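Model, not experiment: these values are computed from the prediction. Every number for a ligand or one of its atoms is a count from 1 in the order of the listing.
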Amino acid sequence: MTPWYERCYRWAQTNIADKDAERYDIPWWREQWKRTAVQAVIVNCAGARITFYPSKFPLQRRNLFLPDRDLFGELATAAREDGIAVVARMDSGGVTEEFRKAHPDWLTRTRDGNYGNSPCINSPYREEYVTGIFNEAIQRYQPDGFADNGGLGGSVLCFCDRCARRFRDDRGKTLPPKVDFSDPLYREWLRWSQTRILEVWDLNNQVTKAGGGPDCLYLGMVRKFQDNAREIARRTPLLLMDSQSRNDEGSFRENADEARYLHSLVGWNNVVTEAMSMTHHSHGYFRVASDPPAEARMYLLSGIAGGWQPWYHHIAAYSEDRRQYEIAPPVFQWHKKNEQYLVNRTPVATAGVLRSDLSSVFYARGAAPQLIQTPYRGIVHALFRSRFPYLPIHIGDMEREGKNLSVLILPNLGAMTDAECDFIRGFVKQGGALFATGMTSLYDSDGEPRKDFGLASVFGVHIEGPLPDRMSFAAPSKETYLRIPKGRRHEALVGFEGTDILPFGGLLTGLRVDSGRDILLRDEQTGMPALITGSYGKGRFVFLPADLDRRYGMDPQPDHARLLGNLFRWAAGDRIPFSVEGPGYIGSYLYRQPNRLILHLTNGTGTDSGDEIMDQNFPVGPLKIKVKLPADVRGGHLNFLVAERSLTLALRTGSIVEFEIPRLIDHEVVVIE
Ligand SMILES: [Zn+2]
């Protein structure tokens with residue numbers, strides 16, 4: 001039989017608030033599970049604040065209202081009777097004041113000997129206490145798995161005796177005196193600490209599987225831009241993310257982006273699911289009130305388009321705002337009806353946008369939001385605006401994924417290993433295209449500066465003069481401009497015929513450019529090269545030392561999107577599998593299954609690019625779609641899964657199918673067979 005974690009495509013979570021012990025209406029919720037066709041529920045089991053069953057551990061605080069009610073047990077039994085998998089929610093990250101007083105020696109310590117608020121990862125809390133709770137819950141209830149909401153700790157430099165001893169035993173060294181990325185001893189501690197987190201993850205899985213059987217998984221929440229997500233994905237067949245709304249993800253399109261990233265880590269035939277809030281969470285928190293239905297629905301739909309298996313979240317078991325209970329049912333019923341097209345599929349993309357934990361940790365040195373995440377978000381926003389098909393991937397997977405991609409995009413990946421630089425050189429030499437920005441490859445695997453770019457031979461660009469300060473890319477905007485040099489204009493500058501300058505906002509560093517490369521833009525004041533293109537081997541490259549990706553991530557200036565879009569298309573040549581024409585803020589995502597293509601379209605017009613909460617849809621259309629057919633797809637039959645209509649086409653010559661969507665309200669899915 002297929003294990004539960006491979007067949008649960010629709011999830012529900014009703015968080016249990018204190019008062020819910022008295023008012024949890026289990027028959028009502030069973031009806032709601034049925035209305036939403038959910039296959040797995042996440043139920044609060046044990047946590048720092050409250051434990052929802054009569055635990056024998058005296059420090060696990062019981063519910064104030066009905067301390068003896070076994071709410072977890074009642075819910076688990078009800079779900080089981082309805083054929084629904086039960087995932088026990090844990091909260092192992094924090095502990096109560098009472099707990100801290102009982103076990104001060106389990107807490108982290110500062111160098112001065114002061115106690116922190118959280119247990120140390122190397123204390124018995126992790127290896128004995130929490131694992132004891134897993135075993136108790138397994139013996140009582142046999143849950144299908146555990147979802148741990150808290151982090152495992154380990155990222156704080158702790159000076160307790162256990163940490164000192166363990167680091168000495170493992171690495172033969174004393175603890176580093178402080179957080180200092182330029183100190184090799186600190187970097188060694190950090191790498192050791194990252195390993196410890198994964199060891200504890202593995203330990204938890206050993207315990208839950210030993211007690212609950214091989215399918216009883218320990219699962220933690222992955223967060224956006226978490227720098228060990230790939231390591232975790234190698235250890236689990238199912239990824240859970242907590243990013244409940246646009247408050248967490250920034251936009252509908254980023255919700256889709258995150259689903260695609262996690263699928264690229266764990267595989268497209270595995271389940272990735274994300275808590276999506278039905279209560280007011282999207283801009284500020286009013287968590288008893290319903291989210292405006294259009295907003296929460298669009299968050300669900302954009303997530304499904306990106307590949308999340310949907311999971312709805314309510315903050316408590318009862319609310320007087322009943323509107324929140326009507327959002328999920330139609331979406332989840334539609335999902336159930338069309339499930340075969342929404343799982344076990346692979347994306348079709350031209351470009352891969354690379355993420356790198358090495359750069360986030362060792363190049364950014366605590367400034368990843370400014371130096372890494374903002375350039376990434378700017379690049380993917382510009383790709384979205386250009387309707388350019390891309391896939392977010394981890395740099396460690398570029399060898400596997402690169403075989404199906406024409407362009408690799410490196411948004412300010414400051415730190416790269418020599419092997420990563422070698423792979424990129426080979427990729428371009430053999431005909432792939434490279435798009436790199438900022439300080440990409442200027443730092444080594446420790447985040448220490450190189451003398452020149454690791455990819456200097458591809459760019460034909462070299463550092464001249466002193467190295468730039470890595471934090472110069474976090475500086476606020478200035479009124480600076482870029483100039484288009486006189487003479488023949490490059491095709492990537494199409495649309496800018498009426499201007500010789502473009503808004504910039506940043507400052508450039510000293511660079512020397514080899515002959516044979518095109519300098520498309522220069523700093524208007526200093527003349528420094530800002531945008532360089534050319535060829536290397538059989539491939540093309542774009543190098544953009546001007547941080548227009550980061551600028552676009554901070555402040556979406558349309559000229560920057562147009563320029564970036566032009567450059568993506570120039571780099572790709574004709575290797576773009578589909579196009580969507582027509583005005584609107586449209587997301588488009590193409591997938592393959594054997595003998596068919598599946599195209600998702602989402603409409604965020606009027607809200608997704610701004611601060612508004614969606615409370616109505618702004619329909620767009622007609623949209624003109626062209627899709628290149630692979631050899632195994634005939635393309636004569638189109639099925640529109642939202643409009644519930646189908647279309648048979650007399651196929652034109654060649655391998656392109658063309659059709660129109662007359663009106664797009666919120667989303668459409670077109671199956672091409
Ligand atoms: Zn410690």
Side-chain angles (χ1 to χ4, degrees), residues 46-49 57-61 90-135 146 148-208 218-223 226-229 231-232 235 357 360-362 364-366 368 446-447:
R49 219 166 52 77
F57 288 81
L59 283 169
Q60 290 303 113
R61 189 192 283 169
M90 305 290 289
D91 247 319
S92 72
V95 289
T96 59
E97 181 66 35
E98 192 188 355
F99 194 103
R100 286 196 284 273
K101 282 192 182 133
H103 292 288
D105 63 313
W106 290 5
L107 303 176
T108 58
R109 300 284 287 271
T110 65
R111 210 176 167 209
D112 308 332
N114 294 322
Y115 294 117
N117 282 330
S118 305
C120 170
I121 191 169
N122 292 313
S123 74
Y125 176 74
R126 280 289 159 204
E127 296 183 354
E128 293 167 21
Y129 187 82
V130 175
T131 51
I133 292 176
F134 288 140
N135 277 322
F146 288 87
D148 197 350
N149 193 48
L152 297 173
S155 49
V156 176
L157 182 53
C158 169
F159 292 90
C160 79
D161 294 344
R162 292 187 186 88
C163 281
R165 197 181 324 127
R166 199 155 200 155
F167 188 58
R168 195 175 54 234
D169 290 351
D170 286 357
R171 301 292 175 111
K173 293 183 181 160
T174 54
L175 293 168
K178 61 179 196 299
V179 174
D180 175 5
F181 278 91
S182 65
D183 176 3
L185 182 61
Y186 175 72
R187 294 196 299 258
E188 182 164 3
W189 174 85
L190 186 57
R191 290 188 160 106
W192 172 77
S193 164
Q194 290 171 331
T195 307
R196 279 297 298 146
I197 293 170
L198 297 168
E199 284 171 0
V200 170
W201 182 287
D202 292 341
L203 169 72
N204 288 344
N205 262 293
Q206 284 159 18
V207 169
T208 56
Y218 166 84
L219 303 156
M221 294 293 159
V222 177
R223 316 275 171 183
Q226 185 168 320
D227 55 37
N228 64 359
E231 291 304 321
I232 287 172
R235 293 169 152 75
D357 300 327
S360 290
V361 177
F362 290 102
R365 300 189 165 181
D446 285 329

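Salt-bridge check for Glu97 with Arg100: passed, with a basic side-chain N closer than 4.0 Å to an acidic carboxylate O. The existence of a salt bridge linking Arg162 and Asp105 is confirmed by a sub-4.0 Å separation between a basic side-chain nitrogen and an acidic carboxylate oxygen.
Take a cut-off of 2.8 Å around the Zn ion (ligand 1): the protein N, O or S atoms inside it are Cys120 SG, Cys158 SG, Cys160 SG, Cys163 SG.
Among residues at least two apart or in separate chains, salt bridge (Lys or Arg N to Asp or Glu O under 4.0 Å) pairs with a member in residues 184-198 are Glu127-Arg196, Arg171-Glu188, Lys173-Glu188, Arg187-Asp446, Arg187-Glu448, Arg191-Asp446, Arg196-Glu199.
Between His103 and Phe99, the two ring planes are tilted [angle within 30° to 60°].
Tyr186 OH to Leu157 CG: the interatomic distance, rounded to the nearest 0.5 Å, is 6.5 Å.
At distances below 3.5 Å, at least one donor-acceptor pair connects side-chain atoms of Ser193 with backbone N or O atoms of Gly154.
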